Amino acid sequence: MFESMDKKKLIILGSSLVGFIVVILLASWIISIVKPHYYTYEEVETKITAAVKSYYETNPTMIPTQDGEYSVQYSTLVEGEFIKPLNEILKDGDNCTVNIVVTKSGDNIAYLPYLTCPGSYETKELYKVVKENNPVVTYGTGLYENTNGGYYFRGEVKNNYISFGEISINDKPKPYLWKILSIESDNTIKIMTDITERERYAWDDRFNEGKQSNFGYNDFEISRAKETLKSFESNDNITNESMKNAIVAKNLCIGKRKISDTTKDGSAECSVMSEDKYMFGLITPYEYMRISLDDNCKVPANDSCSNYNYMYNKDVVSWSLTAEDTSDNNYSVYYFDGTVFETGRASIQRRYYVTTYINARALFKSGNGTVDDPYIIR
């Protein structure tokens, strides 16, 4: 009899315990439904970007057709149920504002959410972070201001690295490391690759009437260099879709330069601009010369130009964008041998260490610019 009563108690106790657990689980489920799930600032930015893309997919007639900057209201995304109100996904959402900018450049469209939460968080463009980390100097290594409102690095700089995309080397992808050369007056950032494919290209290898041989011509507009740079825009080993959205195509400085020219301001190289805009270019002599802090760097072929110069790299050999201005021939082009700029026949095969421009609207994600912790954009 007592044994039977003990069993009943155990059954009642067990049932009560199960019921209690069920109530707890039910309560937790109800709370999870009622209580908003908050995200980090970065996660919210990602969700906003996805919402804008969904908005355009649903409303294709709203997709920008002309190059420029456009805006999308956050309230439009909420009304279309592409995203929840800010205070439901961000803990301090009531104190935050969102400005959504859509940029179109050629076939590339970038979606940029600017999230501002006073005292807590602010979305920043990369160029602003670079300038904040590098106060302008007038001597020694650092960031210098030029006469047209832009900035450029000089000396043996150690914090101008950016990891941007991936490159395939020996069929193995690896982070694509670049060096920041300058911040232009329009706040685009000019960068030059620190690594490259091992493939070599002629600057131009067409039959030259004057030499009766395939010496090529040093006229960019009719060169193989022009064709090669254009081909990089659709080469998956050079760039991918996310990179394309962050790159700005520009006219290139294709003016010729005399060997005796001592200018470092681009007045020779930029005296002629390319007819078309390009996503990729090549380094020019004046950009290398102005980096050096050595006063003996007078002409591109001077060995002193390699002193106090972050671009000095004896392992680099690359064509430049600049042809030689000479009456002696029509096939001579500057190339960078890692130390100085020499001139050579356009038909020689050399590597292309490319340059490009990052959109002024490219958003900073992380990094301090060192080779171990390079800048990364979103």
Side-chain angles (χ1 to χ4, degrees), residues 38-53 83 86 89-93 95-103 108-136 141-143 151-153 156-169 172-184 187-195 238-248 310 354-378:
Y38 294 125
Y39 298 88
T40 65
Y41 298 113
E42 292 82 2
E43 288 172 337
V44 168
E45 288 172 333
T46 300
K47 291 182 73 66
I48 295 172
T49 300
V52 179
K53 290 181 179 179
I83 197 168
L86 206 55
I89 58 176
L90 197 59
K91 190 172 184 179
D92 57 344
N95 300 318
C96 303
T97 58
V98 179
N99 178 32
I100 305 170
V101 176
V102 178
T103 67
N108 304 320
I109 298 180
Y111 310 94
L112 308 168
Y114 287 83
L115 181 62
T116 302
C117 303
S120 300
Y121 184 82
E122 179 184 359
T123 305
K124 289 186 178 181
E125 295 97 342
L126 177 62
Y127 83 87
K128 290 182 179 178
V129 175
V130 174
K131 288 171 65 175
E132 288 174 1
N133 291 346
N134 297 274
V136 173
T141 292
L143 188 68
Y151 305 84
Y152 62 98
F153 281 107
E156 296 176 304
V157 180
K158 305 294 185 183
N159 66 334
N160 62 335
Y161 286 92
I162 175 171
S163 181
F164 181 49
E166 290 185 343
I167 186 170
S168 179
I169 297 181
K172 294 182 179 179
K174 65 179 298 183
Y176 207 161
L177 200 62
W178 308 67
K179 286 179 180 176
I180 297 174
L181 299 176
S182 57
I183 300 173
E184 303 300 299
N187 294 324
T188 56
I189 299 177
K190 188 172 187 178
I191 60 177
M192 177 182 177
T193 180
D194 202 48
I195 55 177
I238 302 294
T239 183
N240 55 38
E241 198 63 32
S242 62
M243 287 178 65
K244 288 179 181 179
N245 289 337
I247 290 175
V248 176
Y310 67 80
V354 299
T355 62
T356 191
Y357 291 90
I358 295 179
N359 196 314
R361 290 289 193 177
L363 303 181
F364 169 77
K365 180 179 181 181
S366 63
N368 59 17
T370 61
V371 68
D372 295 323
D373 189 19
Y375 292 118
I376 296 176
I377 61 175
R378 298 176 194 170

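Along the sequence shown, the residues carry numbers beginning at 1. Heavy atoms only: backbone and side chains are in, while hydrogens, waters and symmetry mates are out. Predicted model, so just to flag it, every value in this text is computed and none were measured.
In plain terms, the two heavy atoms of Ala246 and Ile377 that are nearest each other are CB-CD1, 3.9 Å. Closest approach of Asp92 to Cys117, counting heavy atoms only: OD2-CB, 3.9 Å. Heavy atoms only, all atoms of each residue included: Val157 and Asn159 are closest at CG1-OD1, 3.3 Å. Looking at every heavy atom in both residues, Thr193 comes nearest to Tyr176 through OG1-CE2, 2.9 Å.
Considering only heavy atoms from C-beta on, Tyr152 stays 4.5 Å or farther from Leu143 through its side chain. Annotation: side chain of Ile100 is not in contact with side chain of Leu112 (no heavy-atom distance under 4.5 Å). Residues Thr355 and Leu181 meet the side-chain proximity criterion, which asks for heavy atoms closer than 4.5 Å. For the pair Phe153 and Val130, the minimum side-chain heavy-atom distance is below 4.5 Å. Looking only at side-chain heavy atoms (C-beta outward), Cys96 and Leu90 come within less than 4.5 Å of each other. A heavy-atom distance below 4.5 Å is not found between the side chains of Asn134 and Asn160. Here the side chains of Ile358 and Val248 are not in contact, with every heavy-atom distance at 4.5 Å or above. Between Pro374 and Leu177, some side-chain heavy-atom pair lies under the 4.5 Å cut-off.
Take Tyr375 and apply the side chain to side chain donor-acceptor pair (under 3.5 Å) test, not counting sequence neighbours, and it matches Asn133. Residues meeting the side chain to side chain contact (heavy atoms under 4.5 Å, CB included) test with Thr356, sequence neighbours left out: Trp178, Ile191, Ile247, Phe280. Applying the salt bridge (Lys or Arg N to Asp or Glu O under 4.0 Å) criterion to Lys128, with sequence neighbours excluded, gives Glu125. Remark: Ser182 engages Glu184 in a side chain to side chain donor-acceptor pair (under 3.5 Å) (not counting sequence neighbours). Applying the side chain to side chain contact (heavy atoms under 4.5 Å, CB included) rule to Thr97 yields the partners Thr116; only residues at least two apart in sequence or on another chain are considered. Lys124 meets the salt bridge (Lys or Arg N to Asp or Glu O under 4.0 Å) test with Glu132; sequence neighbours excluded.
Summarising the geometry, atom NZ belonging to Lys190 is positioned 13.5 Å from atom CD1 belonging to Ile180; distances are rounded to the nearest 0.5 Å. Once rounded to the nearest 0.5 Å, the distance linking CG of Asp194 with CD1 of Ile162 reads 12.5 Å. With rounding to the nearest 0.5 angstrom, the CD1 atom of Ile48 is 8.0 Å from the OG1 atom of Thr123. Considering CD1 of Ile183 and OH of Tyr357, their distance stands at 13.0 Å, rounded to 0.5 Å.
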Report task. Step by step, work out the side chain to side chain contact (heavy atoms under 4.5 Å, CB included) result for Ile376 and Leu126. Result -> CA-CA 8 Å; Ile376 296 176; Leu126 177 62; over 6 Å; no
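In this structure, Lys179 contributes its side chain and Tyr310 its backbone to a donor-acceptor pair below 3.5 Å.
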Show the atom names and distances, to 0.1 Å, of all donor-acceptor pairs under 3.5 Å that link a side chain in residues 361-368 to residues at least two apart or in another chain.
residue: Arg361; atom: NE; partner: Glu69; partner atom: OE2; Å: 3.0
residue: Arg361; atom: NH1; partner: Tyr114; partner atom: OH; Å: 3.1
residue: Arg361; atom: NH2; partner: Glu69; partner atom: OE1; Å: 3.0
residue: Asn368; atom: OD1; partner: Thr370; partner atom: N; Å: 3.1
residue: Asn368; atom: OD1; partner: Thr370; partner atom: OG1; Å: 2.8

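Within the structure, the ring pair (Phe, Tyr, Trp, His ring centres under 6.0 Å) test picks out the following pairs touching residues 117-136 (sequence neighbours left out): Tyr41-Tyr121. Here salt bridge (charged side-chain N to carboxylate O under 4.0 Å, His left out) pairs that include residues 39-51, with residues two or more places apart or in two chains, are Glu45-Arg378.
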